[in-house]
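Working notes for the structure below.
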Amino acid sequence: MPFRLLKYALKKEYPGKRFFRALETPKKSYDVVIIGGGGHGLAAAYYLGKDHGITNVAVLEKGYIGGGNTGRNTAIVRSNYLTPEGVNFYDASVKIYEGLSEELDLNLFYSTRGHFTLAHTESAMRTMRWRAEVNKHVGVDSRVVGVDEIAKACPQLDMSCSGQTPILGALYHGPGSIARHDGVAWGYARGADGYGSEIFQNTEVLSITVKNGKVCGVNTNKGYIETKQVLCAVAGFTPRITEMVDLKTPIVIHPLQACVTEPMKPWLNSILVSGSLHVYVSQSSRGELVMGSSLDPYEIHSSRSTLDFVEGLTAHMLDMFPFLSNIKIVRQWGGMADMTPDFAPIMGKTPIEGFYIDAGWGTWGFKATPISGKTMAATIANDSNHALIHTFRLSRFEDYELTGEKGAASVGH
Amino acid sequence: MSLRNPYKPSEWINRNKQINFMFEGEAFTAFEGDTISSALWAANQKVLGRSFKYHRPRGVLSLANHDVNILMTDGVDTNIRADVVEVKEGMKLYAVNTKGGVKKDKNRIIDFISPFLPVGFYYKAFHKPRWLFPFWENVIRKAAGLGVVNFNYPRILKRKLHTHCDLLVVGAGPAGLTAAYTAATAGLQVILVDENRCAGGSLSYDRGGDSITAEHLTTLLQKVNSLPNINLITGAYAAGYYPDHLIPIVGAAGITKVRAKAVIVATGAFEQPPVFRYNDLPGVMLGSAAQRLIYRYGVKPCNNGIVFTANNYGYRVALDLLDAGTSVSAIVDLRSGAQGGAYGDLCAVEIAKRNVKIYAGYCIYEALATSDRSRVSGAIICAYDDKNNVALADNKFTLDCDGIAMSAGWAPAAALLYQAGTQMQFDYSVQQFVPNRLPAGVFAAGKVNGVYELDQRMKDGERAANDVLNYLGKASVKINVQKSNVEKHGGTSPSHAYPMVPHPKGKNFVDFDEDIQIKDFENAAKEGFDNIELMKRFTTVGMGPSQGKHSNMSAIRILAKIRGLPVEKIGTTTSRPFFHPTPMGHLGGRGFHPHRLTSLHDWHAANGAVFTDIGAWKRAAYYLQSGQTKEEAIQTEAWAVRNAAGIIDGSSLGKIEVHGSEAAEFLERFFTGKYAQQKVGTWRYTLLLDEAGVVIDDGVASRMSDDLFYLSIGTTNAAAVYREMQRCQQMWQLDIGLVNVTGALGAINLAGPAAQKILAGLTDCDLSPAPFPLGHVRETLVANIPSKIIRASFVSDMAYELHSPMDQVPHVWAALLKAGKQHGIRAFGSDTQRLLRLEMGHAMPGVDTDGLTNPFEMGADWAVKMDKPYFIGQRSLAIINKRPVNKQLVAFTLDANFKGEMPLECNLVIDGDNINGRVTSIGFSQTIGQTIGLAYVKPYQKAVGTTFQIRTDNGSLVSATVVDTPFFKKQKEA
Amino acid sequence: MQALSITDVSELMRYGVKGPQAANWLAKHEVVIPAKPNAWVLNKNAIVMRLGISEFLIEDQKGGETCSKLAADTLRVAGVYKAPRVDASYMLAGSEVHNLLSEICTLDLSESALQENDVIMTQVAGISATVLRQNINNEMVYRLWCDGTYGVYMKHILLEIGAEIDAMETKS
Amino acid sequence: MKLLTCPVNGTRPLSEFIFGGEYRPAPDQNTCTDAEWAAYVHNRQGAPGDKKEWWYHSPSGTWFIAERNTLTDKVARTYLLADANKLAEDSK
């Protein structure tokens with residue numbers, strides 16, 4: 001038994017301190033107001049304090065922290081993207097994640113499992129090679145592997161997929177990991193609180209005051225807050241916030257669903273993704289299979305569940321793992337994914353002075369939590385886009401410079 | 001010692017049929033109809049499972065699938081829910097998640113070290129030093145999980161059916177039965193579903209020692225069975241509510257997706273365990289579980305029992321226990337006001353008559369275990385301060401027992417209501433959440449509605465049915481239909497406001513799935529997780545396989561207490577499907593995998609074709625002759641096309657006719673080219689962009705007459721392009737008509753130096769190049785089949801594309817093969833076609849473009865007519881045109897003597913540290929004697945003669961030289 | 001009555017035509033058309049289906065010759081677009097026909113829901129199809145059409161489910 | 001699964017339909033600025049509310065407009081674009 005457990009158990013006051021103070025009413029003014037108490041917003045608050053000494057910060061969360069997509073995603077972390085800019089960005093995130101449990105002194109169950117993106121068609125194999133080559137170029141461990149290597153990592157996988165769509169190979173990505181998603185939000189919340197940031201739950205932004213193109217404050221259900229800098233980090237609620245400042249973006253909301261089985265003893269060690277079958281799956285440390293599929297095809301601002309999602313997903317899961325027929329799905333749920341046309345986020349400054357955006361996280365936001373927090377904190381502190389996020393600037397659409405991630409139209413996550 | 005009682009008419013078992021089975025290596029007998037748990041309990045086996053976290057011994061808690069104390073494996077299946085799964089002859093069962101058997105589980109050690117494993121402990125340890133975590137993770141993963149997966153379990157494809165009805169009633173208890181009967185009497189088509197093997201709900205076990213309920217059950221079942229328009233489905237559960245009243249009913253045989261016009265949720269309530277130290281010992285069970293054992297399975301829950309109650313229901317349970325021959329040594333009633341059978345409850349009066357000792361205002365402070373900790377042996381009892389919810393433990397005493405029945409209250413089985421979007425509110429008269437605002441078409445009745453007295457539940461069912469009739473506009477004169485209100489509950493609350501007994505040593509369990517105790521909630525709150533959702537996530541309450549059925553309400557009450565807030569301020573966690581965990585084989589069911597075949601499919605298959613999926617189509621990729629590799633097959637086929645003749649089945653091509661006086665105008669708007677002046681009998685290239693100017697697809701438009709164009713579209717995009725044409729026509733409203741003839745017409749491409757000769761024998765059409773040059777189209781007979789001949793040059797300058805009715809294509813194909821035999825004709829597949837078109841230098845959208853490529857980058861400037869008034873994507877191209885081109889598709893060759901590692905498609909074009917582009921197509925051309933390809937490069941590399949570097953998979957750099965297209969210059973006629 | 005019968009009648013002649021003048025054109029050829037969209041009539045031993053507002057599909061039943069007559073008129077007329085068809089066509093009947101249909105189609109095809117002259121375009125076994133019900137010699141028969149290139153698939157699914165139902169029938 | 005009503009073919013489950021995005025008349029491409037056009041091409045009204053949307057009934061090949069609230073997922077009405085345009089013409 002690790003010493004730390006003994007220490008916790010023997011300490012009289014077992015429960016530690018509150019992770020973050022229970023605050024009810026915000027002050028009159030803050031240097032920075034962060035809208036959204038998810039992983040991204042809390043990470044930004046944390047790095048504002050840690051990297052830039054900016055601590056007069058309020059994080060406003062309309063529900064409870066980590067209650068949006070942070071707590072709904074399937075917790076996969078990887079960096080095997082298609083564009084060098086994308087790979088560099090997500091690789092920086094992976095690097096922070098690897099040391100984050102220690103840094104935040106909270107076990108995030110960051111578990112490096114290896115990630116296989118299965119290819120069932122020749123054209124998918126070509127895309128896998130493309131990604132592998134770009135990854136290699138920037139020094140990320142990805143490579144195209146054959147069926148043998150997949151079978152070695154996951155001997156239970158039916159390589160013929162019930163004869164429907166045989167697997168030809170895969171993109172293997174060594175650093176592919178899963179983590180305890182809630183923990184990421186809680187750890188950053190505790191860290192941000194420690195630096196002095198104030199976190200307010202049940203605090204909803206009702207409007208944002210902009211004068212002469214500059215942000216001057218936000219109006220909330222708990223009163224008006226003066227501030228010159230506002231970060232919008234609200235994922236599926238982004239269009240509602242940007243509408244408040246009359247900012248037009250390409251973001252539309254599509255639900256993304258997921259489901260989980262009852263726990264079973266560990267057998268699946270790798271993270272598997274199949275674009276053709278619209279499946280991604282990993283086994284959590286509790287023993288559940290955590291599974292997701294592709295985006296729902298139409299816009300809706302709701303995290304409702306649909307039956308056809310789980311029917312389609314399970315049918316494809318059984319193509320891959322026929323022996324799971326009598327394993328039961330315990331729960332399905334959904335989140336609101338803020339989608340962009342080029343499958344890349346929108347980050348950084350906007351035409352409104354003091355209004356910063358961290359959005360367009362679609363189905364890939366969790367893995368970027370640390371690096372988005374870090375780069376957005378730097379962007380706010382310097383009022384200048386961090387170099388890593390230049391590609392993701394809002395003006396790329398007007399410039400017809402969409403990111404190349406659009407080139408690889410397969411299931412991501 | 002058997003706990004089986006003599007026969008009772010209510011029971012669900014067939015005593016004439018004995019069943020033999022094994023549990024943990026020991027032989028047992030059961031009766032047909034027993035569940036695994038009831039059979040084992042009858043045999044006085046009480047340690048039937050081990051808990052998830054602490055590996056504590058567990059027995060029957062709810063016997064209703066509201067807990068997962070007892071999960072088993074039969075060596076084939078895992079996580080079998082023994083409480084509700086019937087035992088079968090020959091079963092060899094073991095409890096899951098034990099080490100060395102359920103009785104001597106070696107992992108029970110974890111229970112003793114549990115103080116070291118407080119709530120959320122895993123967040124606080126194992127992560128330093130970082131490199132040790134994989135070791136700890138491995139330990140944790142092995143300890144977690146329940147059953148072991150059987151990798152040889154067969155794939156099961158259950159049927160998934162659709163059915164429709166006016167009204168779906170979920171739950172066949174008194175409320176549901178009455179509702180179904182009432183609605184059906186008024187003429188509605190009703191489906192009534194219940195998860196239990198027999199209908200009746202609580203009427204089948206909650207007897208209170210009398211016969212009135214049994215009579216009600218008989219009457220109601222007779223009524224329901226008498227109506228043909230009620231479809232009663234038992235042994236199947238409503239798994240979830242989905243929009244527009246779609247409810248999947250999951251049964252053994254499969255799923256029935258019910259689409260109802262209205263739904264009555266009469267799902268009742270889950271009995272909730274009161275929380276006290278060691279409330280999880282085998283032998284401590286819910287009152288309703290005890291009743292289920294007695295009346296459904298003829299099993300005595302225990303010999304000497306104590307009833308721990310906090311409502312009047314416990315007195316009914318006591319009467320039932322007495323009826324079953326259990327001696328009841330005491331009723332411990334948490335409520336001080338219950339002294340001497342107060343509240344006017346008839347059962348309490350009856351109990352008093354039977355000389356059962358009632359301790360009102362008392363609690364069970366702690367259950368006691370036998371020395372082997374395997375079952376309950378007694379209870380420590382003390383007074384309870386009902387106001388402050390604390391045990392007054394100074395004066396406590398001990399009573400012996402071998403069983404404790406608990407009745408403290410209920411939580412509504414409201415999952416479907418929540419999923420449908422019902423707003424619930426907390427009703428203090430019943431200490432329960434009840435529906436406040438129901439969505440249209442959704443109704444609630446019975447206990448889930450906060451209605452508890454039997455008469456009132458039946459009345460509530462009738463009221464709900466009447467509400468449905470009103471809603472559907474089916475109110476008839478015969479039945480007095482009026483919108484009525486749910487009757488308010490009178491008397492004492494069926495649920496206690498806070499049935500929790502704190503204990504300094506804990507082990508007072510709230511969530512049995514996850515071994516969560518009261519102090520876990522307190523600790524979580526102290527660490528800041530004092531929001532119900534945060535608390536759920538931190539403690540994992542309600543996240544186990546029973547999804548909070550027996551624990552969520554207690555969690556809410558405890559949090560309310562901690563925060564000093566009323567329960568309704570705490571709110572509830574979101575309810576998600578499924579009501580019970582649902583097998584993947586049911587949900588997946590029979591998958592439909594539609595595929596399209598051309599009329600030549602059988603020929604391809606008989607001739608060695610290797611098929612590839614292109615959209616829904618199965619296409620022949622190449623034909624494998626014996627001993628050949630794929631590459632050899634492709635080269636052989638390509639050689640034939642270049643030196644003799646080849647034919648390919650192109651029937652999967654999209655084929656669309658655009659009729660009407662404004663057909664040319666339609667094309668001019670839709671594609672980038674010009675068509676107004678196109679001559680009849682010729683074809684032109686078509687290029688389709690999206691509004692952002694990105695290349696989507698290309699093809700060929702043949703003008704058959706002034707007012708008719710015939711379009712050929714790539715297989716992959718055909719459906720989407722046709723759909724987009726239809727949408728544009730909706731907006732443009734031109735005088736045109738679109739006819740999709742993709743499936744009606746097939747296509748054969750005949751190519752190669754001998755093509756003209758072969759075709760000449762099958763048609764009267766003059767094929768000589770002067771009257772019928774490239775770029776022209778004819779309509780004629782080919783092998784007596786009316787066909788179009790398109791002289792396209794996709795794979796060869798010497799090629800004829802023949803479009804004929806799909807069902808006649810095999811005839812044309814056979815005629816071509818016959819006529820071409822002497823010329824060495826050979827069929828070729830789509831992979832070969834890709835090489836051939838590469839030799840011709842044709843870029844293919846989707847292969848040589850990606851989701852961002854514009855026509856300038858692709859080198860299709862010539863096909864884009866910016867001087868037209870409008871085409872889709874034109875305005876964006878005008879913007880893009882002002883910017884420098886960033887990449888350029890070029891044709892390249894490798895050195896003729898190149899011998900190194902062959903570059904592959906999607907290998908990168910590298911210049912120093914920069915990625916300049918990628919190879920999009922590459923192949924060795926025997927005809928040209930070189931490796932040829934297409935690649936994106938930076939504009940500074942695009943000039944013919946420039947060399948650039950391609951990096952192969954193994955990292956070596958290969959030089960390539962930019963060349964002109966086509967690679968394959970001019971086909972010599974044979 | 002048989003429990004389930006599945007008959008492939010793809011060999012029957014069919015004729016398709018659409019366009020704003022299609023109805024008039026058919027009238028000129030003395031083909032009676034349904035007055036409402038998505039309805040059908042039996043006319044001179046041919047099933048005349050009106051698919052949506054201005055598209056028609058005609059299938060000659062045994063002995064009918066409407067399709068061959070129409071096909072003989074090759075003159076192109078403004079607003080009349082011939083829509084050549086190669087369909088797979090099936091007749092489904094028997095006491096278990098609803099059992100079969102309930103697995104392959106989400107819609108309520110019972111007699112009470114599907115009116116006698118309704119034509120519905122829906123999805124069957126995951127692909128687009130046209131369905132109607134017809135009374136032939138007092139037996140209710142469901143008619144099903146899909147694109148001929150899906151014919152092999154459709155037949156396979158129908159027979160696979162049919163065999164399962166048959167097995168269940170035999171068991172019970 | 002949700003139900004949607006095709007104005008020609010009636011009420012069907014959503015699996016029979018394809019979502020075609022918001023119905024958004026384009027600005028006049030001859031008079032609008034580059035920035036206006038780029039905004040039209042890329043930007044969307046992402047906030048929840050009542051929207052006009054394109055939907056396609058696959059089995060029949062019918063495009064129509066649905067007026068749907070993207071927050072509640074309730075459809076107020078569906079109609080053919082041509083009918084709506086004609087109605088607008090007539091009322092002028």
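For clarity, every value in this text was computed on a predicted model and none was experimentally measured. Each chain gets a letter, A, B and so on, in the order the sequences are listed, and its residues count up from 1.
Top candidate by heavy-atom pairs under 4.5 Å with chain A, chosen from B:Ala144, B:Ala692, B:Pro154, is B:Ala144. The most heavy-atom pairs under 4.5 Å with chain B, out of A:Gly71, A:Gly312, A:Pro155, come from A:Gly71. Most heavy-atom pairs under 4.5 Å with chain B, from the set A:Gln201, A:Lys136, A:Glu262: that is A:Glu262. Annotation: maximal heavy-atom pairing with chain A below 4.5 Å, among B:Ser546, B:Gly240, B:Gly588, B:Pro583, occurs at B:Pro583. Per-residue heavy-atom pair counts under 4.5 Å with chain A were compared for B:Pro134, B:Pro577, B:Pro248, and the maximum is reached by B:Pro577. The residue among A:Glu98, A:Glu122, A:Met125 with the most heavy atom pairs within less than 4.5 Å of chain B is A:Glu98. Per-residue counts of heavy-atom pairs under 4.5 Å with chain B were compared for A:Val310, A:Asp399, A:Thr165, A:Ile65; the largest is that of A:Asp399. Of the residues considered (A:Ser305, A:Gly287, A:Ser303, A:Pro263), A:Pro263 shows the highest number of contacts with chain B, using heavy-atom pairs under 4.5 Å. Note: B:Arg918 leads B:His586, B:Arg590, B:Arg918 in heavy-atom pairs under 4.5 Å with chain A. With respect to chain A, the highest number of heavy-atom pairs below 4.5 Å among B:Val919, B:Ile140, B:Leu904 belongs to B:Leu904. Of all the listed residues (B:Thr612, B:Ile910, B:Asn886, B:Asn914), the one sharing the greatest number of non-hydrogen pairs under 4.5 Å with chain A is B:Asn914. Heavy-atom pairs under 4.5 Å with chain B peak, among A:Tyr64, A:Phe20, A:Phe19, at A:Tyr64.
If you check the side chains of A:Tyr110 and A:Ser101, you find no donor sitting under 3.5 Å from an acceptor. Inspection of the A:Tyr400 and B:Ser876 side chains reveals an N or O donor paired with an N or O acceptor under 3.5 Å. A donor-acceptor pair shorter than 3.5 Å cannot be found between the side chains of B:Asn150 and B:Asp77. With hydrogens and angles left out, the side-chain atoms of B:Thr73 and B:Thr78 include no donor and acceptor closer than 3.5 Å. Side-chain N/O atoms of A:Ser282 and A:Arg113 include no donor and acceptor closer than 3.5 Å. B:His580 and B:Arg81 share no donor-acceptor pair across their side chains, judged by distance under 3.5 Å alone.
Using a 4.5 Å cut-off between heavy atoms, A:Val144 does not touch chain B at all. Using a 4.5 Å cut-off between heavy atoms, A:Glu398 does not touch chain B at all. With a 4.5 angstrom heavy-atom cutoff, B:Phe578 touches chain A via backbone and side-chain atoms both. The contact between A:Ser285 and chain B is made by backbone and side chain atoms together, counting heavy-atom distances below 4.5 Å. Neither the backbone nor the side chain of B:Ser575 comes within contact range of chain A; no heavy atoms are under 4.5 Å apart. Heavy atoms closer than 4.5 Å to chain B are found nowhere in A:Arg21, neither backbone nor side chain. Looking at B:Asn531, only its side chain comes within 4.5 Å of chain A, counting heavy atoms on both sides. Interface remark: A:Gln164 contributes backbone and side-chain atoms alike to the contact with chain B (heavy atom separation under 4.5 Å). If you measure heavy-atom distances from A:Pro266 to chain B, the contacts under 4.5 Å come from both the backbone and the side chain. A:Leu268 touches chain B through its backbone: at least one of N, CA, C or O sits under 4.5 Å from a heavy atom, while the side chain does not. For a residue to count as touching a neighbouring chain, one of its non-hydrogen atoms must lie under 4.5 Å from one of that chain's; by this rule B:Lys160 touches chain A with the side chain only. Only the side chain of A:Asp182 has a heavy atom closer than 4.5 Å to any heavy atom of chain B. With a 4.5 Å cut-off on non-hydrogen atoms, B:Ile879 touches chain A through its side chain but not through its backbone. Heavy-atom distances place the side chain of B:Phe52, and not its backbone, under 4.5 Å from chain A. B:Ala143 touches chain A through its backbone: at least one of N, CA, C or O sits under 4.5 Å from a heavy atom, while the side chain does not. For B:Glu905, the parts lying under 4.5 angstrom from a heavy atom of chain A are both the backbone and the side chain. With a 4.5 angstrom heavy-atom cutoff, B:Ala239 does not touch chain A via any of its atoms.
Look at A:Asp193 and A:Arg18 and you find no salt bridge, because none of the NZ, NE, NH1 or NH2 atoms lies under 4.0 Å from a carboxylate O. Note on B:Lys630 versus B:Asp831: salt bridge recorded, some NZ/NE/NH1/NH2 to OD/OE distance being below 4.0 Å. For B:Glu527 and A:Arg190, the salt-bridge test fails: no basic side-chain N is under 4.0 Å from an acidic carboxylate O. Comment: B:Lys128 engages A:Asp105 in a salt bridge, judged by a side-chain N to carboxylate O separation of less than 4.0 angstrom.
The ring-ring contact (aromatic ring centres under 6.0 Å, His included) search around A:Trp267 returns A:Phe321, A:Phe323, B:Phe151, not counting sequence neighbours.
Across A:Glu133 and B:Asp953, no two heavy atoms sit closer than the pair OE2-OD1, 3.3 Å.
Under a 3.5 Å cut-off, the side chain of B:Asn138 and the backbone N or O of B:Phe135 do not form any donor-acceptor pair. Remark: the backbone N or O of B:Lys142 is paired with a side-chain donor or acceptor of A:Lys265 at under 3.5 angstrom.
Centroid-to-centroid, the aromatic rings of A:Phe109 and B:Tyr123 stay 6.0 Å apart or farther. You'll find the ring centres of A:Trp186 and B:Phe529 inside the 6.0 Å limit.
When the shell of 6.0 Å around CG of B:Asp913 is examined, it contains 12 or fewer heavy atoms from other residues, nucleotides or ligands.
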